[in-house]
J.: 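Following this message is one structure expressed as structure tokens.
Indexing begins at 1, ligand by ligand and atom by atom, following the structure's order. Values reported hereafter were calculated over all heavy atoms of this structure, with side chains retained and with hydrogens, waters and symmetry mates removed. These numbers come from a predicted model, not from an experiment.
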Amino acid sequence: MSLTDNCGRPLLNLRISITQRCNNRCAYCHREGEVQRANRSAELMSVEEIVRIAKIAVGLGIARLKLTGGEPLMRKDLPEIVAGIAAIAGLRDLSLTTNGLLLGGGMAKKLRDCGLRRVNISLPSLNPETYHKLTGGKLEVALDGVKVAIEADFCPVKLNMVVLKDVNVGDVPDLIEYAGRTGVVLQLIELDPVNVGDKYYAEHHRSLDEQENMLREKAVTIEKRPFMHNRLIYHLPNATIEVVKPIENSDFCMHCTRMRITSDGKLKPCLMRNDNLTDILTPIRKGANDEQLKELFVKANLLREPYNESK
Ligand code: SAM
């Protein structure tokens, strides 16, 4: 069974933000749509609370979960969170999105052993200066994170590149070559306006049409992901490139199958909005039973609606 919203869209994916803390300072970061510093002093969801929410979700057919943040690896108990979720019967997919900086020192393998199957690593540039300017971090450490993720046998390893006008758009060919050479999938992501400021967005947003035209010409096959925003995957002779184009894209919204949980425990139906959140953590802390928590998911699901409507 799965929950379906008022527009007939099934709810299949949940992005769980487990912290707002981060060891990078990405200029373009949307912080998963959370209001800036709103919950800096708030208590984090505990391992047990996260696993309980995940269990309720999986029981409702929301069986593809992603851990995000902030930087999920800032939490020392990430392996426990992964192990707890990975053990849930009926789970279909568990992945992590990370900047990769803390995957070294055996952490990648540890997470793999705990049941994590795949990772997305943010890599906006292969130029050390551009990478540092954009993220505040060191490229060599992020590349080591990619290397250890590949060695730990995550499948697939995906690289997330938010493409920015006048910053890293010229790095796309290098990233495609690197993805092909290392056997990872590259995701080209259009900049979302969320939390970045109007000026930054006006200066750096760029449609990915040009990149898609280039990919279409080179592709051997093109695949569509119907349960993931109808995103296109371009299979080039030597590399696989996925394109994420959310902006003013009604097709993207019509094929959205996801919900989020904020780091302070609120069900969030849409990245773009904060006026329709449903608190699930407070009821948990007040002793709500599983049926009551399911009801909260059902309620939040009915608040889902396409942000960009088809005209
Ligand atoms: N710290 C982790 C990381 O760097 O991947 C997880 C959090 S980050 C918010 C999750 C993903 O959101 C990253 O893959 C990043 O590329 C993407 N992202 C961040 N800001 C974005 C924006 N303004 N538009 C589109 N994607 C964005």
J.: For atom 8 (S) of ligand 1, which of Glu32, His205, Glu71 has the closest heavy atom?
T.: Glu32
J.: Taking Lys268 for its side chain and Arg273 for its backbone only, find out whether a donor-acceptor pair lies under 3.5 Å.
T.: yes
J.: Counting N and O atoms only, with roles assigned by atom type, does the side chain of Arg260 sit under 3.5 Å from a partner on the main chain of Ser17, one being a donor and the other an acceptor?
T.: no
J.: Relative to the heavy atoms of Ile189, which atoms of ligand 1 are at a distance of less than 4.0 Å?
T.: 25 (C), 26 (N)
J.: As a quick check of understanding, evaluate side-chain hydrogen bond (donor to acceptor under 3.5 Å, both in side chains) for Ser263 and Gln20, giving each step before the final call.
T.: CA-CA 6 Å; Ser263 57; Gln20 268 204 341; 4.6 Å; no
J.: I'd like to check which ligand 1 atoms, numbered from 1 as shown, lie under 4.0 Å from a non-hydrogen atom of Ser122.
T.: 3 (C), 4 (O), 5 (O), 13 (C), 14 (O), 15 (C), 16 (O)
J.: Polar contacts were defined as any N/O atom of the residue lying under 3.5 Å from an N/O atom of the ligand; does this apply to Gly70 and ligand 1?
T.: yes
J.: Heavy-atom distances under 4.0 Å are what count here, so tell me which part of Val162 touches ligand 1: side chain, backbone, both or neither.
T.: side chain
J.: If we set the cut-off at 4.0 Å for heavy atoms, which region of Thr98 has an atom near ligand 1: side chain, backbone, both, or neither?
T.: backbone
J.: Counting non-hydrogen protein atoms only, what is the nearest one to atom 20 (N) of ligand 1? Give residue, atom name and distance.
T.: His30 N, 2.9 Å
J.: Looking only at heavy atoms, which two atoms of Ile121 and Ala149 are closest? And how far apart?
T.: CD1-CB, 3.9 Å
J.: Report yes if some N/O of Asp192 lies less than 3.5 Å from some N/O of ligand 1; otherwise report no.
T.: yes
J.: Would you mind listing which atoms of ligand 1 come within a distance below 4.0 Å of any non-hydrogen atom of Asn160?
T.: 13 (C), 14 (O), 16 (O)
J.: Could you tell me the separation between the CD1 atom of Ile56 and the CD1 atom of Ile280, rounded to the nearest 0.5 Å?
T.: 7.0 Å
J.: Tell me the protein heavy atom at minimum distance from atom 23 (N) of ligand 1, and give that distance in Å.
T.: Tyr28 O, 2.7 Å
J.: Within a radius of less than 6.0 Å around OH of Tyr200, do more than 12 heavy atoms belonging to other residues, nucleotides or ligands occur?
T.: yes
J.: Applying a 4.0 Å heavy-atom criterion (strictly less than), which segment of Thr68 is in contact with ligand 1: side chain, backbone, both, or neither?
T.: side chain
J.: If I compare all heavy atoms of Val243 with all of Leu208, which pair ends up nearest, and what's the gap?
T.: CG1-CD1, 3.9 Å
J.: Looking only at heavy atoms, is any part of Glu190 under 4.0 Å from ligand 1, and if so is it the side chain, the backbone, or both, or is it neither?
T.: backbone
J.: Please find the pair of heavy atoms, one from Cys155 and one from Arg118, that lie closest to each other, and give the distance.
T.: O-CB, 3.7 Å
